[in-house]
Amino acid sequence: MKDKKAYNEAVEGDDNFAAGDAAPTPEADACANVADAAGAETDNLSAQTAPQEEPDAQAQAAEWKDKYVRLQAEFDNYRKRTLREKMELVQTGGRDVLLAMLPVRDDVQRAVAAMEKSDDLEALRAGVTLISQKFTEALRQKGVTEMEVLDKEFDAEEAEAVARFAAGEEKKGRVIDVVQTGYMLGDKVLRFAKVVVGE
């Protein structure tokens with residue numbers, strides 16, 4: 001009995017011990033600290049991973065629809081504009097060439113008027129030669145050049161043979177006469193030359 005009484009007195013005298021509780025230990029304090037820290041960390045993690053407020057799906061769909069309608073309208077305008085430009089190009093594509101030919105036409109009219117009034121053949125011949133040179137220069141400025149095929153090997157890519165003529169072994173397969181001059185526009189054939197080929 002004495003031992004039991006001493007034990008109860010010792011327990012009652014402990015200030016940190018409440019009746020009905022187990023005795024406090026250092027391990028218990030450490031577990032309580034870890035539990036508190038884990039709880040705080042869980043709160044932080046849940047705050048970071050909480051789903052953000054998503055935009056309204058209908059508003060987003062309306063925005064995409066507006067972008068689509070605008071893009072379609074822009075493409076339609078582009079298509080109409082390019083179609084109109086192509087039509088204008090077809091209608092007025094030769095305008096600059098025609099403008100370059102008009103001065104030559106004026107010279108031809110002046111030459112015709114001069115032929116009616118003058119009998120000087122040398123002056124008329126010189127005038128027509130100048131008109132021809134002016135016309136050739138106007139074509140050259142637009143990228144049109146004459147093909148030089150005379151006395152060269154016949155090339156079906158540049159010329160069209162309209163006749164064959166016996167011209168001896170040395171002229172065989174070569175162009176011996178040009179019936180109609182051929183022209184190049186840049187590096188492409190504008191008009192094939194019509195030629196006579198030796199055989």
Review point. Is D155 close to E158 at the side-chain level, that is, under 4.5 Å between some pair of heavy atoms?
Key: yes
**Study point:** S118 to L124 - nearest heavy-atom pair and separation
**Key:** O-CD1, 4.1 Å
Review point. Excluding sequence neighbours, so at least two apart, what forms side-chain hydrogen bond (donor to acceptor under 3.5 Å, both in side chains) with R84?
Key: none
**Study point:** Neighbour count >12 (heavy atoms, 6.0 Å) for atom CD, E169
**Key:** no
Check your understanding: Between the side chain of T129 and the main-chain N/O of R125, is any donor-acceptor distance below 3.5 Å?
Key -> yes
Check your understanding: Quick one: do E199 and K172 make a salt bridge, cutoff under 4.0 Å?
Key -> no
Practice item. Return the set of residues passing side-chain hydrogen bond (donor to acceptor under 3.5 Å, both in side chains) with D66 (not counting sequence neighbours), or none when no residue passes. Key: R70
Review point. Got Y183 and T145 here, is their nearest side-chain heavy-atom distance under 4.5 Å?
Key: no
Check your understanding: Can you name the nearest heavy-atom pair linking A138 to A100, along with the distance?
Key -> CB-O, 4.1 Å
**Study point:** Spacing of CE belonging to M101 relative to CG belonging to D96, to within rounding of 0.5 Å
**Key:** 9.5 Å
Review point. So, do R95 and L99 sit near enough that their side-chain heavy atoms are less than 4.5 Å apart?
Key: yes
Check your understanding: Hey, are the side chains of V189 and M147 touching, using non-hydrogen atoms and a 4.5 Å cut-off?
Key -> yes
Review point. Tell me, do I131 and R110 make a side-chain contact under 4.5 Å, heavy atoms counted?
Key: no
Review point. Is it true that a side-chain atom of K188 and a backbone atom of M184 form a donor plus acceptor pair closer than 3.5 Å?
Key: no
**Study point:** side-chain hydrogen bond (donor to acceptor under 3.5 Å, both in side chains) partners of R140, counting only residues at least two apart
**Key:** E137
Point to revise | Crowding at CZ, R191 (>12 non-hydrogen neighbours, <6.0 Å) | key: yes
Practice item. Give a yes or no on whether a salt bridge exists between D151 and R174, defined as a side-chain N under 4.0 angstrom from a carboxylate O. Key: no
Revision key, fill the gap. Minimal heavy-atom distance between G198 and R164, with the atoms involved, is O-NH1, 4.4 Å
Practice item. Taking the side chain as every heavy atom from C-beta outward, state whether K171 and I176 have any pair of such atoms under 4.5 Å apart. Key: yes
Check your understanding: Considering the options V195, V149, V196, which one meets the side chain to side chain contact (heavy atoms under 4.5 Å, CB included) requirement together with F154?
Key -> V195
Check your understanding: Would a 4.5 Å heavy-atom cut-off, applied to side chains only, mark V162 and K194 as touching?
Key -> yes
Practice item. Give a yes or no on whether a salt bridge exists between K67 and E63, defined as a side-chain N under 4.0 angstrom from a carboxylate O. Key: yes
Check your understanding: When rounded to the nearest 0.5 angstrom, what is the spacing between CG in L102 and CG in D107?
Key -> 11.0 Å
Exercise for review: Please report the shortest heavy-atom distance between A193 and G182, naming the atom on each side.
Suggested key: CB-N, 3.5 Å
Review point. For the hydrophobic clusters of this structure (ILVMFWY residues joined by side-chain heavy atoms under 4.5 Å, transitively), does one cluster hold both V179 and V175?
Key: no
Review point. Is it true that V128 and V104 fall in one hydrophobic cluster, defined by side-chain heavy atoms closer than 4.5 Å?
Key: no
Review point. Distance from M115 atom CE to D120 atom CG, nearest 0.5 Å?
Key: 13.0 Å
Check your understanding: Got more than 12 heavy atoms from elsewhere within 6.0 Å of CG, D76?
Key -> yes
Point to revise | Other residues, nucleotides, ligands: >12 heavy atoms within 6.0 Å of K86 NZ | key: no
Practice item. May I ask you to decide if S132's main-chain N or O and T136's side chain share a donor-acceptor pair within less than 3.5 Å? Key: yes
Point to revise | Side-chain donor/acceptor of T82 to backbone N/O of R79, under 3.5 Å | key: yes
